[in-house]
Protein chains: 2
Amino acid sequence: MVTLKDVAAACGVSPATVSRALNATGDNPSRHVRYIRHVADNMGYRPNAAARALKTNRSDNIGILYEDVMQHEYFSSLIEGLRLGAEKRGYDLTFLARHFDGEGKVYVAEAEYRSLDGIIVVQADYASSRILSLTGCGLPTVVVDNRLEGCGTVFSDNAAGMEKLVRHVASLGHRRVAFIGGDEGSVTSLRLGGFYKGCAESGIRAAPEWIFHAHYRDPQSCFGALDSILMGDVKPTCILFPDDFCCIGAISALAARGIRVPEDISIAGYDGVEMGRLMKPALTTYRQDSDGMADLAIQMLTDAISRGEQSVSGIATAEGSLVEGETVRMIGG
Amino acid sequence: MVTLKDVAAACGVSPATVSRALNATGDNPSRHVRYIRHVADNMGYRPNAAARALKTNRSDNIGILYEDVMQHEYFSSLIEGLRLGAEKRGYDLTFLARHFDGEGKVYVAEAEYRSLDGIIVVQADYASSRILSLTGCGLPTVVVDNRLEGCGTVFSDNAAGMEKLVRHVASLGHRRVAFIGGDEGSVTSLRLGGFYKGCAESGIRAAPEWIFHAHYRDPQSCFGALDSILMGDVKPTCILFPDDFCCIGAISALAARGIRVPEDISIAGYDGVEMGRLMKPALTTYRQDSDGMADLAIQMLTDAISRGEQSVSGIATAEGSLVEGETVRMIGG
DNA sequence: ATACGGAGTGAAAACGATTGCAAACGGGAG
DNA sequence: CTCCCGTTTGCAATCGTTTTCACTCCGTAT
């Protein structure tokens with residue numbers, strides 16, 4: 001392993017000079033600096049992250065914290081986006097391991113231990129108490145799709161997206177629209193607000209009997225809601241699902257009852273998964289901009305880091321886009 | 001931040017003693033050692049990873065390297081499995097960033113820079129030249145579903161799995177079976193071998209005109225193959241797809257032609273994604289044991305690390321399981 | 001009683017980088 | 001030629017651990 005000292009010897013200068021030459025940020029480096037850099041390159045010098053972190057307390061490393069979300073395509077693409085964003089800005093990404101202590105899982109200690117520069121929290125459930133303990137830790141933190149005291153936040157446009165979806169559905173003539181989701185403490189509860197607003201603006205009555213609770217990406221509770229809907233006297237012409245996964249699954253559940261989509265009933269999902277584009281009829285859904293969210297999150301975080309701040313403030317929202325598929329059909333006015 | 005020295009002062013001993021007390025591995029620690037540990041705990045002492053790494057050249061940190069696979073449910077659950085396995089054994093997981101140099105992406109340098117203890121490679125494509133440069137780097141490396149000189153390997157039971165699938169299909173009476181996949185340099189080429197073997201053992205003629213090339217998880221090439229199959233004079237009774245994603249997509253493509261699954265044609269996928277269980281008819285497929293593979297990989301790697309070896313040898317295979325769905329129907333003998 | 005071996009401890013030297021401080025240097029003005 | 005001021009450089013300390021080496025202490029064998 002070639003060290004600063006080796007490069008210094010090769011250049012006939014002191015290690016301090018080499019360090020400065022390599023870290024200098026000026027726009028037009030002097031001949032001497034260029035020479036040192038050239039030699040360092042040639043020798044294959046790479047700084048030692050541990051030594052640097054020890055001295056500076058910085059690691060160019062961001063911790064990422066999530067729970068049980070990897071299987072969701074939306075989240076895994078979000079995480080991939082985080083990685084790309086971090087890479088672009090010269091940071092690495094480390095999974096924050098959950099080392100146990102007496103009372104629960106400890107993330108902060110881990111982050112400190114590794115001298116991480118910041119933390120990104122990706123979590124489907126709101127306000128996990130384990131996460132809450134992060135907020136006071138003096139490390140800049142950005143939370144995705146969640147609101148946490150003292151942390152920066154990046155939201156998907158949950159309310160606005162659902163609103164757009166409702167309008168779209170309304171524009172195709174639907175007046176009896178059911179909503180599945182709105183689970184307390186999940187993003188779908190934010191969307192419920194958008195649903196109400198969209199209904200109000202489109203002159204649709206948001207009938208309480210057509211609003212059903214279900215968890216995000218939980219087919220079980222979702223199909224339960226579907227059952228209730230189908231057992232009602234008056235049936236909706238369109239059902240909005242909490243996520244694409246459940247929505248696609250529902251097509252089969254409906255087919256098993258002899259109900260065709262979209263001929264007999266229209267449906268729409270939420271997320272914008274790849275399968276939705278592939279299938280026939282193509283899924284009508286709202287595509288969350290996971291790449292945009294990821295990049296915003298990393299940007300907020302790295303900005304705060306490079307300003308040397310201990311916390312991140314501010315809220316940003318990434319706008320998604322309506323995906324007009326074929327699962328919502330036009331119905332007679 | 002509380003350091004070794006602080007603990008030492010509080011205990012009235014030297015830092016060296018504290019270090020030894022905390023790192024001692026003996027089964028029954030002496031009273032004195034227990035006391036030091038107690039004090040350290042109480043003071044909230046956490047070792048500094050950077051200092052430790054600097055001194056020992058170990059980081060309890062494993063690098064993970066992959067390309068463009070995050071969107072695949074199989075891969076993201078594999079990565080989640082890796083994380084869990086690493087966590088279980090006291091390691092963290094860091095994404096290996098791809099810093100560029102003149103000729104391509106450089107992973108090794110990054111791994112060295114962070115003094116990573118080992119590397120796990122997850123990659124759909126065989127023999128990427130970028131990866132190859134890893135092998136000589138003196139870091140223990142385990143490759144998933146791939147064979148690379150000087151690296152440990154964990155395989156999914158590609159051939160055996162496909163063989164089982166073929167037998168299952170044969171046992172339901174199918175004699176005309178088409179195979180899509182077998183792409184050079186991808187895992188599906190291994191499965192092609194299993195296909196031949198399964199056919200041979202089941203007395204099925206593996207007809208070359210029913211073997212079609214397609215990339216893994218590439219609907220485009222897959223549907224092209226499907227077209228060819230459907231245009232043939234004699235049609236197969238069952239089609240085996242390279243992955244569940246394409247297979248599920250194919251159901252729609254078939255439906256668009258008025259072909260029903262499984263009444264008119266039987267199909268099976270490969271991977272075992274969640275959606276397959278949810279849909280109706282439930283997807284017949286072969287579920288790869290991604291958790292098992294991940295755990296094997298981490299175990300091989302951490303074993304080598306703790307033995308202080310510079311490379312990993314050995315090949316392990318994780319056995320998957322046949323998922324008998326409803327997309328392959330029994331046909332008349 | 002003396003010598004010896006083992007266990008435990010402390011002092012101090014690393015590991016490889018950054019950085020405050022002071023000295024050396026270089027260029028322009030007088 | 002000298003002086004002054006701004007820039008560059010080197011020295012040395014430091015970050016928090018681990019680890020070697022020498023030493024002490026104590027129990028046991030001779």
Side-chain angles (χ1 to χ4, degrees), chain A residues 1-37 39-40 43-61 90 109-117 306 308, chain B residues 1-37 39-40 43-61 90 109-117 306 308:
Chain A
M1 186 178 203
V2 35
T3 74
L4 254 198
K5 220 192 276 186
D6 301 330
V7 178
C11 292
V13 297
S14 77
T17 306
V18 177
S19 171
R20 279 186 279 246
L22 297 181
N23 292 342
T25 166
D27 21 338
N28 56 337
S30 75
R31 238 183 63 75
H32 200 178
V33 166
R34 283 206 311 275
Y35 171 71
I36 292 179
R37 286 184 184 168
V39 172
M43 297 178 70
Y45 168 76
R46 299 238 79 197
N48 179 309
R52 180 178 275 175
L54 176 59
K55 184 63 184 155
T56 62
N57 261 321
R58 294 197 38 207
S59 58
D60 293 325
N61 209 167
E110 176 68 15
E112 238 177 45
Y113 167 64
R114 295 254 178 231
S115 20
L116 298 177
D117 295 340
S306 55
Chain B
M1 185 179 204
V2 35
T3 74
L4 255 199
K5 219 193 278 186
D6 300 331
V7 178
C11 292
V13 297
S14 77
T17 304
V18 178
S19 171
R20 278 186 281 247
L22 297 180
N23 292 342
T25 164
D27 21 338
N28 56 338
S30 75
R31 237 182 64 74
H32 199 176
V33 166
R34 284 206 309 276
Y35 171 70
I36 292 179
R37 286 185 183 168
V39 172
M43 296 177 71
Y45 168 75
R46 299 238 78 197
N48 179 310
R52 180 177 278 176
L54 176 60
K55 188 64 187 154
T56 62
N57 261 322
R58 295 196 36 207
S59 58
D60 293 325
N61 210 168
E110 176 69 16
E112 237 178 45
Y113 167 64
R114 295 255 179 229
S115 22
L116 298 178
D117 294 340
S306 55

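Here is how names work: the chains are called A, B, and so on, in the same order as the sequence lines, proteins then strands, and each is numbered from 1.
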Report task. Indicate whether OP1 or OP2 belonging to D:dG16 is found under 4.0 Å from a side-chain N or O atom of A:Tyr113. Result -> no
Query raised in the report: According to a strict under-4.0 Å criterion, is A:Asn23 in side-chain N/O contact with OP1 or OP2 of C:dT18?
Result: yes
Query raised in the report: Do the side chain of A:Lys5 and the base of C:dA17 come within less than 3.5 angstrom through a donor-acceptor pair of N or O atoms?
Result: no
Query - B:Leu4 side chain near B:Leu22 side chain, heavy-atom distance below 4.5 Å - result: yes
Query raised in the report: Quick one: does B:Tyr113's side chain get under 4.5 Å of A:Asp60's, heavy atoms only?
Result: yes
Query raised in the report: Is the closest side-chain heavy-atom distance between A:Ile36 and A:Val39 below 4.5 Å?
Result: no
Report task. Whole angstrom is fine here: how far is it from CG in B:Leu54 over to P in C:dG16? Result -> 7 Å
Query raised in the report: More 5' along DNA chain C: A:Leu4 or B:Gly12, using each one's nearest nucleotide?
Result: B:Gly12
Short N/O separations, protein against nucleotides 5-9 of chain C, under 3.5 angstrom:
| residue | atom | partner | partner atom | Å |
| --- | --- | --- | --- | --- |
| C:dT9 | OP1 | B:His32 | ND1 | 2.9 |

Query raised in the report: For A:Arg31 and D:dT7, what is the distance between atoms CZ and P respectively, to the nearest whole Å?
Result: 21 Å
Query raised in the report: Roughly how many Å is it from CG in A:Leu22 to P in C:dT18, rounded to a whole number?
Result: 8 Å
Query raised in the report: Are any non-hydrogen side-chain atoms of B:Val13 and B:Arg20 less than 4.5 angstrom apart?
Result: no
Report summary line: note: A:Arg52, atom CZ; C:dA17, atom P; distance rounded to Å ~ 8 Å
Query raised in the report: Could you give the distance from CG (B:Leu116) to OG (B:Ser59), rounded to the nearest 0.5 Å?
Result: 5.0 Å
Query raised in the report: Could you state the CZ-P distance from B:Arg58 to D:dT17, rounded to the nearest angstrom?
Result: 17 Å
**Report entry** Separation of C:dC15 P from B:Arg114 CZ (nearest whole Å)
**Finding:** 22 Å
Query - B:Thr56 (side chain) donor-acceptor with B:Arg52 (main chain) under 3.5 angstrom - result: yes
Query raised in the report: Is there side-chain contact between B:Arg114 and B:Asn61, with at least one heavy-atom pair below 4.5 Å?
Result: no
Query raised in the report: In terms of side-chain heavy atoms of A:Met1, which of C:dG16, D:dT17, C:dA12 is nearest?
Result: C:dG16
Requested in this report: Measure from NZ on A:Lys55 to P on C:dT18 and round the result to the nearest Å.
Outcome: 10 Å
Report summary line: note: B:Asn48, atom CG; C:dA17, atom P; distance rounded to Å ~ 17 Å
